[in-house]
There are 2 protein chains.
Amino acid sequence: MVQKSETRKEEIVRTAEMLFKKKGYSAVTMRDIAQAMGIKAASLYNHIQSKQQILSDIIIQIGEQFTEGMAEIVATEETTSIEKLEQIIKLHVKITMNNPSRMATMNNDWMHLEKQKDYYLSLRRNYEDSFRQILKQGIEKGELKTVNPEIILFSILSTLRSLYLWIPKKEEIIKENLLGKLSQVLLTGVVV
Amino acid sequence: MVQKSETRKEEIVRTAEMLFKKKGYSAVTMRDIAQAMGIKAASLYNHIQSKQQILSDIIIQIGEQFTEGMAEIVATEETTSIEKLEQIIKLHVKITMNNPSRMATMNNDWMHLEKQKDYYLSLRRNYEDSFRQILKQGIEKGELKTVNPEIILFSILSTLRSLYLWIPKKEEIIKENLLGKLSQVLLTGVVV
DNA sequence: GTCTATACCTGGATAGAC
DNA sequence: GTCTATCCAGGTATAGAC
């Protein structure tokens with residue numbers, strides 16, 4: 001399979017997302033992006049339509065990856081709710097390792113979406129609803145503790161959504177089975 | 001005890017932090033803050049020196065609350081590491097319930113601090129180091145599982161730092177013992 | 001595909017009247 | 001304490017030459 005080389009547009013988006021991660025969408029200027037690429041701001045507009053389009057491309061692409069991943073997890077038959085939770089953790093670790101800057105941008109700058117904000121929010125709502133369903137089934141089947149599912153959802157999802165802050169800094173841990181350890185801590189706790 | 005009425009400066013900071021929570025520091029203008037108070041932007045400058053000073057006031061005040069709280073927890077004698085972790089969770093819940101918007105601003109906009117950024121980062125580093133020490137002692141004493149403390153730190157702190165997103169929306173849960181349930185989920189997990 | 005030049009707007013902040 | 005008026009820096013984006 002031939003590795004298609006990066007287009008100029010992809011390079012712009014990749015540069016932008018690194019800057020967005022560091023300072024946030026609103027604090028990054030088109031001049032910043034251009035300077036980081038060694039060109040002038042006006043030149044960017046030969047490849048992209050607007051700053052807003054860069055943001056939208058980043059967020060929607062990641063959002064749809066989560067939607068697809070969750071659909072597969074939900075569709076898997078004959079798995080316990082615990083196995084499904086492990087699959088969710090795996091999905092977050094995988095996507096975050098491949099796109100830490102995009103994850104940061106999605107988490108922190110979705111509110112600056114204009115035309116695509118409602119679409120993004122619908123993706124997120126559906127994702128969380130699927131997550132809730134898995135938790136409720138786990139509690140019903142006696143696989144999970146009888147705790148308010150909102151608290152479990154909040155707790156696990158907060159940790160998974162923050163992975164982007166942490167994965168780039170902890171290379172050693174990642175090599176030695178991050179996935180297994182994180183699943184252990186999130187699912188079975190830390191107390192002996 | 002007489003309740004001191006809110007000064008104009010406090011009103012500005014309170015208004016600003018609500019807007020910062022919603023859109024982030026960089027996307028909020030002095031005109032936005034003024035409009036929310038029913039005055040003109042120029043009038044703000046009779047009470048504050050700059051937009052940056054508002055940000056700095058918000059973040060440093062919360063940062064120092066955490067520093068003081070952690071110092072008390074560390075100084076408490078004859079408590080297990082698990083009790084110390086419960087105290088940390090309690091500290092976060094308490095501060096977040098009292099200042100959800102300030103928590104959002106501290107978490108999301110600290111990188112826009114100018115002169116005070118290094119000071120804030122030192123507060124945060126010391127806080128995390130104290131947290132690590134508690135985890136290490138817990139593992140040594142056999143109270144906590146032998147898991148890499150960085151993973152535990154990351155997991156618990158991610159959840160606690162996201163509380164501001166969630167506490168204002170879940171009033172019912174808070175009334176029925178949020179603290180106990182959150183401690184249970186974070187410390188002993190969700191699997192039966 | 002990138003440049004210079006520029007239009008147009010909005011940002012933070014100040015001066016001075018009331 | 002708030003206003004109007006204003007300064008000036010810097011923002012997104014376009015036009016047109018190379």
Side-chain angles (χ1 to χ4, degrees), chain A residues 4-60 101 105 108-117, chain B residues 4-60 101-102 105 108-117 120:
Chain A
K4 196 174 59 178
S5 71
E6 190 181 48
T7 67
R8 208 76 171 118
K9 176 173 175 177
E10 286 163 349
E11 192 185 346
I12 292 170
V13 173
R14 186 173 51 78
T15 305
E17 73 195 28
M18 290 186 300
L19 294 170
F20 292 167
K21 181 188 179 192
K22 194 175 173 194
K23 304 201 294 176
Y25 176 75
S26 303
V28 172
T29 70
M30 297 302 277
R31 297 195 231 271
D32 290 336
I33 298 169
Q35 191 175 28
M37 294 176 64
I39 59 175
K40 297 290 176 185
S43 308
L44 297 171
Y45 290 88
N46 250 307
H47 310 281
I48 52 111
Q49 290 178 344
S50 63
K51 188 185 175 193
Q52 174 65 205
Q53 189 211 350
I54 299 175
L55 181 70
S56 168
D57 279 3
I58 291 169
I59 293 179
I60 299 304
S101 304
T105 301
N108 301 328
D109 287 315
W110 62 265
M111 73 285 284
H112 299 119
L113 285 172
E114 291 164 9
K115 282 184 296 188
Q116 299 273 51
K117 181 152 76 171
Chain B
K4 196 174 61 181
S5 71
E6 191 180 49
T7 67
R8 208 76 171 118
K9 177 173 174 178
E10 287 164 348
E11 190 185 348
I12 292 170
V13 173
R14 186 173 51 78
T15 305
E17 74 193 28
M18 290 186 299
L19 293 170
F20 292 167
K21 181 188 179 192
K22 194 174 175 194
K23 303 201 296 177
Y25 176 74
S26 302
V28 173
T29 70
M30 296 302 279
R31 289 171 172 85
D32 290 336
I33 298 169
Q35 191 175 29
M37 295 176 63
I39 59 176
K40 297 291 174 183
S43 308
L44 297 171
Y45 290 89
N46 251 306
H47 309 282
I48 52 114
Q49 290 179 345
S50 65
K51 188 186 175 193
Q52 173 67 203
Q53 188 211 350
I54 299 174
L55 182 69
S56 169
D57 280 2
I58 291 169
I59 293 179
I60 300 304
S101 303
R102 288 169 116 88
T105 301
N108 300 328
D109 287 315
W110 62 266
M111 72 286 283
H112 299 119
L113 284 172
E114 292 165 8
K115 284 185 293 189
Q116 299 274 49
K117 181 153 76 171
Y120 164 75

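Chain letters run A, B, ... following the sequence lines, proteins first, then strands; residues in each count from 1.
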Filtered N/O pairs between nucleotides 8-11 of chain D and protein, under 3.5 Å:
from   : atom 1 : to      : atom 2 : distance (Å)
D:dG11 : OP2    : A:Arg31 : NE     : 3.4
D:dG11 : N7     : A:Arg31 : NH2    : 2.7

**Study point:** Rounded interatomic separation in angstrom, taking CE from A:Met37 and P from C:dC3
**Key:** 10 Å
Check your understanding: Do B:Met30 and B:Ile48 come close enough that some side-chain heavy atom pair is under 4.5 Å?
Key -> yes
Check your understanding: Once you round it to whole Å, what is the distance between P of C:dG12 and CG of B:Leu55?
Key -> 13 Å
Review point. Rounded to whole angstrom units, what separation is found between the CD1 atom of B:Ile54 and the P atom of C:dG11?
Key: 15 Å
Exercise for review: Look at atom CD of A:Glu6 and say whether more than 12 heavy atoms of other residues, nucleotides or ligands are closer to it than 6.0 Å.
Suggested key: yes
Practice item. Could you check how far CD1 of A:Ile39 sits from P of C:dG1, rounded to whole Å? Key: 11 Å
Exercise for review: Heavy atoms only: give me the nearest B:Ala16-B:Ile54 pair and the separation to one decimal.
Suggested key: CB-CG2, 3.7 Å
Point to revise | Check: B:Leu44 and B:Met37 side chains under 4.5 Å, non-hydrogen atoms | key: yes
Review point. Are any of the side-chain heavy atoms of B:His112 and B:Lys51 separated by less than 4.5 Å?
Key: no
Practice item. Measure from NZ on B:Lys40 to C1' on C:dA13 and round the result to the nearest Å. Key: 16 Å
Check your understanding: With sequence neighbours excluded, what pairs up with A:Glu10 under the salt bridge (charged side-chain N to carboxylate O under 4.0 Å, His left out) test?
Key -> none
Check your understanding: A:Lys21 and A:Thr105: which non-hydrogen atoms are nearest, and at how many Å?
Key -> N-OG1, 4.2 Å
Check your understanding: Starting at the 5' end of DNA chain D and moving along, which residue's nearest nucleotide shows up first, B:Ser43 or A:Tyr45?
Key -> B:Ser43
Study note, to complete from the structure: A:Leu44 CG to C:dG1 P, in whole Å, measures 13 Å
Study note, to complete from the structure: Between A:Ser56 and A:Leu113, the two heavy atoms sitting closest are CA-CD2, 3.7 Å
Revision key, fill the gap. To the nearest angstrom, the CD-P distance between A:Glu10 and C:dG1 comes to 13 Å
Point to revise | Over 12 non-hydrogen atoms of neighbours within 6.0 angstrom of CD in B:Glu11 | key: yes
Practice item. From the options C:dG1, D:dT4, C:dA5, select the nucleotide whose nearest atom is closest to the side chain of A:Arg8. Key: C:dG1
Exercise for review: Rounded to the nearest angstrom, tell me the gap between atom NE2 in B:His47 and atom P in C:dT14.
Suggested key: 15 Å
Can you check nucleotides 16-18 of chain D for protein contacts, nitrogen or oxygen pairs under 3.5 Å, and list what you find?
none

